[in-house]
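When a residue number appears, it is its place in the shown sequence, counting from 1. Since this is a predicted model, take the numbers as computed values, not measurements.
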Amino acid sequence: MSSNIRIKRICMHCGEQFIAKTTVTKYCSHKCNSRAYKKKIRESKIKVSDNETDKVIPQLIKNPKIDKKEVMSIKEACEFVGLSKSSIYRLFDDEVLTPIKIRNRVFISREEIKKMLKI
């Protein structure tokens, strides 16, 4: 059963004018339909990723325990900067950061990290 109606439409993807045989047709071809679908899926994945990132960033930036301290342990510095322990120790070896050693513990001053990050 085919339709005898012909409706002038504009493709929702490419913007070209075409003749549709139904009232619900949105795209001029299968190619435009596929591209629009892939674009929609891609945008939804990006939106989900952005939402997850927006939830995590405030936790990383605003940690009340770390925000008040002028001197941080290696673990706290890792959380603050977002690096691993080995990366922090590598920065010590490269003399980018200066460690504060008290007996067998190692600390990092907040000012050192800000200088490194140029905040």
Side-chain angles (χ1 to χ4, degrees):
M1 190 156 109
S2 66
S3 174
N4 290 331
I5 62 172
R6 303 286 186 256
I7 303 169
K8 288 184 181 179
R9 304 293 304 256
I10 295 179
C11 179
M12 300 289 284
H13 180 71
C14 67
E16 295 292 320
Q17 186 175 357
F18 69 99
I19 304 295
K21 294 181 181 178
T22 66
T23 57
V24 294
T25 304
K26 296 180 183 179
Y27 305 104
C28 63
S29 65
H30 178 68
K31 188 176 183 180
C32 281
N33 186 12
S34 296
R35 288 181 177 172
Y37 174 75
K38 288 178 183 180
K39 182 179 178 183
K40 180 181 171 185
I41 295 299
R42 190 178 317 115
E43 287 172 354
S44 70
K45 286 181 181 181
I46 290 170
K47 190 174 184 179
V48 167
S49 175
D50 287 345
N51 289 339
E52 289 174 3
T53 303
D54 290 343
K55 290 177 185 176
V56 173
I57 285 178
Q59 295 171 356
L60 294 176
I61 294 175
K62 295 292 181 186
N63 189 339
K65 294 180 205 171
I66 295 174
D67 287 344
K68 295 177 184 176
K69 292 184 174 184
E70 289 299 316
V71 178
M72 294 180 264
S73 69
I74 299 295
K75 184 177 179 181
E76 292 169 338
C78 291
E79 290 174 11
F80 182 71
V81 180
L83 296 174
S84 66
K85 274 179 144 181
S86 59
S87 296
I88 297 288
Y89 282 110
R90 205 173 308 121
L91 291 171
F92 290 156
D93 293 339
D94 296 342
E95 297 180 358
V96 175
L97 287 175
T98 306
I100 300 169
K101 294 183 180 182
I102 302 173
R103 294 193 181 214
N104 61 349
R105 301 229 22 219
V106 180
F107 297 97
I108 305 171
S109 108
R110 177 181 292 282
E111 292 304 315
E112 284 283 325
I113 293 175
K114 286 185 178 180
K115 286 179 192 174
M116 178 191 74
L117 297 175
K118 297 176 184 167
I119 297 177

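The side chain to side chain contact (heavy atoms under 4.5 Å, CB included) test applied to Ser34 returns His30, not counting sequence neighbours. By the side chain to side chain contact (heavy atoms under 4.5 Å, CB included) test, Lys31 pairs with Ser29, Arg35, sequence neighbours left out. Asn104 pairs by the side chain to side chain contact (heavy atoms under 4.5 Å, CB included) definition with nothing, not counting sequence neighbours. The side chain to side chain contact (heavy atoms under 4.5 Å, CB included) search around Phe92 returns Ile74, Ile88, Tyr89, Leu97, Pro99, Val106, Ile108, not counting sequence neighbours. Remark: Ser84 pairs with Ser86, Ser87 by the side-chain hydrogen bond (donor to acceptor under 3.5 Å, both in side chains) rule, at least two apart or across chains. In terms of the side-chain hydrogen bond (donor to acceptor under 3.5 Å, both in side chains) criterion, residue partners of Thr25 (sequence neighbours excluded) are, by chain and number, Thr22.
In terms of modelled atom types and a separation under 3.5 Å, the side chain of Glu112 and the main chain of Ser109 share no donor-acceptor contact.
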Full working for side-chain contact (heavy atoms from CB on, under 4.5 Å) between Ile19 and Lys8
CA-CA 5 Å; Ile19 304 295; Lys8 288 184 181 179; 3.8 Å; yes
Would you check, one step at a time, whether the test side-chain contact (heavy atoms from CB on, under 4.5 Å) holds for Leu83 with Arg90?
CA-CA 11 Å; Leu83 296 174; Arg90 205 173 308 121; over 6 Å; no
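Side-chain contacts under 4.5 Å among hydrophobic residues (ILVMFWY), followed directly or transitively, place Tyr27 together with Met12. Taking Ile, Leu, Val, Met, Phe, Trp and Tyr as members and joining any whose side-chain heavy atoms lie under 4.5 Å apart, directly or through other members, the hydrophobic cluster of Tyr37 also contains Ile41.
Between Gln17 and Arg9 the shortest side-chain heavy-atom distance does not fall below 4.5 Å.
Every pair tested for ring-ring contact (aromatic ring centres under 6.0 Å, His included) that includes a residue from residues 94-117 fails, sequence neighbours excluded, so the list is empty.
Note that SG of Cys11 and CD of Glu16 are 8.0 Å apart. Values are rounded to the nearest 0.5 Å.
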